[in-house]
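Because the structure is predicted, anything quoted here is derived from the model rather than measured.
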Amino acid sequence: MNPHHSTTQDINNPTTNSYVFMGALAKHMDPKSASFTSIIDKLVIALSTPSENVQVSVSKCISQLISSFKEQGSRLVPILIENLKSSSNIYAGSRVAAFGLVGTDKGLGISSLKNLGILDSLKSCIEDKKHPTSRQGALFAFECLCNTIGRVFEPYVIHILPKLLVCFGDNVGEVRDTKATMSQLSGHGVKIYQLS
């Protein structure tokens, strides 16, 4: 390999490692300190790194921190949902907010989808006919939830599947082309959806 040739992965590895290291250090801090809140905020900002590997690693780091310090999760959820709905850069901003929201949700537990109103907020975003950014952001969030949480998310998918199917026929190409993967839906889930 040419020593002067660097790949994106070579550049992103130190970035990813530094964010994961910062998150690991934060586990040993007082969650009420300003430094801890600052680290959580820096991790959310780090999600905007234009690399899915970095975004996935930072999302995992956020979920591990939030699981230990749940009060930070209730602070982050409204911020991330607002970013999901009103990002100026539709693709990048919505995708970043989706990874952050999923990391927060995974750290808080699946019950936070209902307890913090995450699912209701995503449903209202997907039903917003005036703003394609909201619809695309909700689809990104559902995609990340399906890929990250997996089959545990299946009972929620069954309830939102009609809304997702409507989005696949959306008038706006960016919304229509968003891949909300339902690969985690089991055969039993498909049967339940067909019966409803």
Next item on the list: Over all heavy atoms of both residues, which pair between Ala46 and Val58 is shortest? Give the atoms and the distance, please.
Entry: CB-CG2, 4.3 Å
Check: How far apart are the closest heavy atoms of Gly100 and Leu47, and which atoms are they?
Finding: CA-CD1, 3.3 Å
Check: Rounded to the nearest 0.5 Å, what separation is found between the CD1 atom of Ile39 and the CG atom of Leu65?
Finding: 8.0 Å
Notebook entry, point to check: Are Val56 and Val152 connected in a single hydrophobic cluster, I mean Ile/Leu/Val/Met/Phe/Trp/Tyr linked by side-chain heavy atoms less than 4.5 Å apart?
Noted result: yes
Margin query: As an exercise, state the distance from CG of Leu80 to CZ of Phe99, rounded to the nearest 0.5 Å.
Written below: 13.0 Å
Checklist line | Residues Ile160, Leu122; criterion side-chain contact (heavy atoms from CB on, under 4.5 Å); working and verdict | finding: CA-CA 10 Å; Ile160 60 164; Leu122 292 177; over 6 Å; no
Please list, one pair per line, the donor and acceptor atoms closer than 3.5 Å that link side chains of residues 108-118 to other protein atoms, with sequence neighbours excluded.
residue, atom, partner, partner atom, Å
Ser112, OG, Asp105, OD1, 2.5
Ser112, OG, Gly109, O, 2.8
Asn115, ND2, Ser111, O, 3.4

Next item on the list: Please identify each residue that fulfils side chain to side chain donor-acceptor pair (under 3.5 Å) with Lys163, with sequence neighbours left out.
Entry: Glu127
Next item on the list: Kindly compute the distance separating CZ (Phe142) from CD1 (Ile126), expressed to the nearest 0.5 Å.
Entry: 5.0 Å
Next item on the list: Measure the SG-CZ distance between Cys125 and Phe140 for me, rounded to the nearest 0.5 Å.
Entry: 13.0 Å
Margin query: If you compare all heavy atoms of Arg135 against all heavy atoms of Lys129, which two are closest, and at what distance to 0.1 Å?
Written below: NH1-O, 3.1 Å
Checklist line | Closest contact, heavy atoms only, Cys167 versus Leu139 | finding: CB-CD1, 3.8 Å
Checklist line | Those residues that, when tested against Asp128, pass salt bridge (charged side-chain N to carboxylate O under 4.0 Å, His left out) (two or more places apart) | finding: none
Item checked: Pairwise distance NZ(Lys70) to OG1(Thr104) - rounded to 0.5 angstrom -> 11.5 Å
Next item on the list: Just jot down the side-chain contact (heavy atoms from CB on, under 4.5 Å) partners of Ser35, sequence neighbours excluded, or say none.
Entry: Met29, Ser33
Notebook entry, point to check: Taking atom CG of Leu101 and atom SG of Cys144, what is their separation to the nearest 0.5 Å?
Noted result: 9.0 Å
Item checked: Test item: Ser57 side-chain N/O and Asn53 main-chain N/O as donor-acceptor pair under 3.5 Å -> yes
Note to self: Suppose we screen for side-chain contact (heavy atoms from CB on, under 4.5 Å). Which residues come up paired with Ile79, at least two apart in sequence or across chains?
What the structure shows: Arg75, Asn83
Notebook entry, point to check: Of all heavy-atom pairs between Ile66 and Gly73, which one has the smallest distance, and what is that distance?
Noted result: CD1-N, 3.8 Å
Check: How would you list, by chain and number, every residue that makes a salt bridge (charged side-chain N to carboxylate O under 4.0 Å, His left out) with Lys60, sequence neighbours excluded?
Finding: none
Notebook entry, point to check: Shortest non-hydrogen contact from Cys61 to Gly23?
Noted result: SG-CA, 3.3 Å
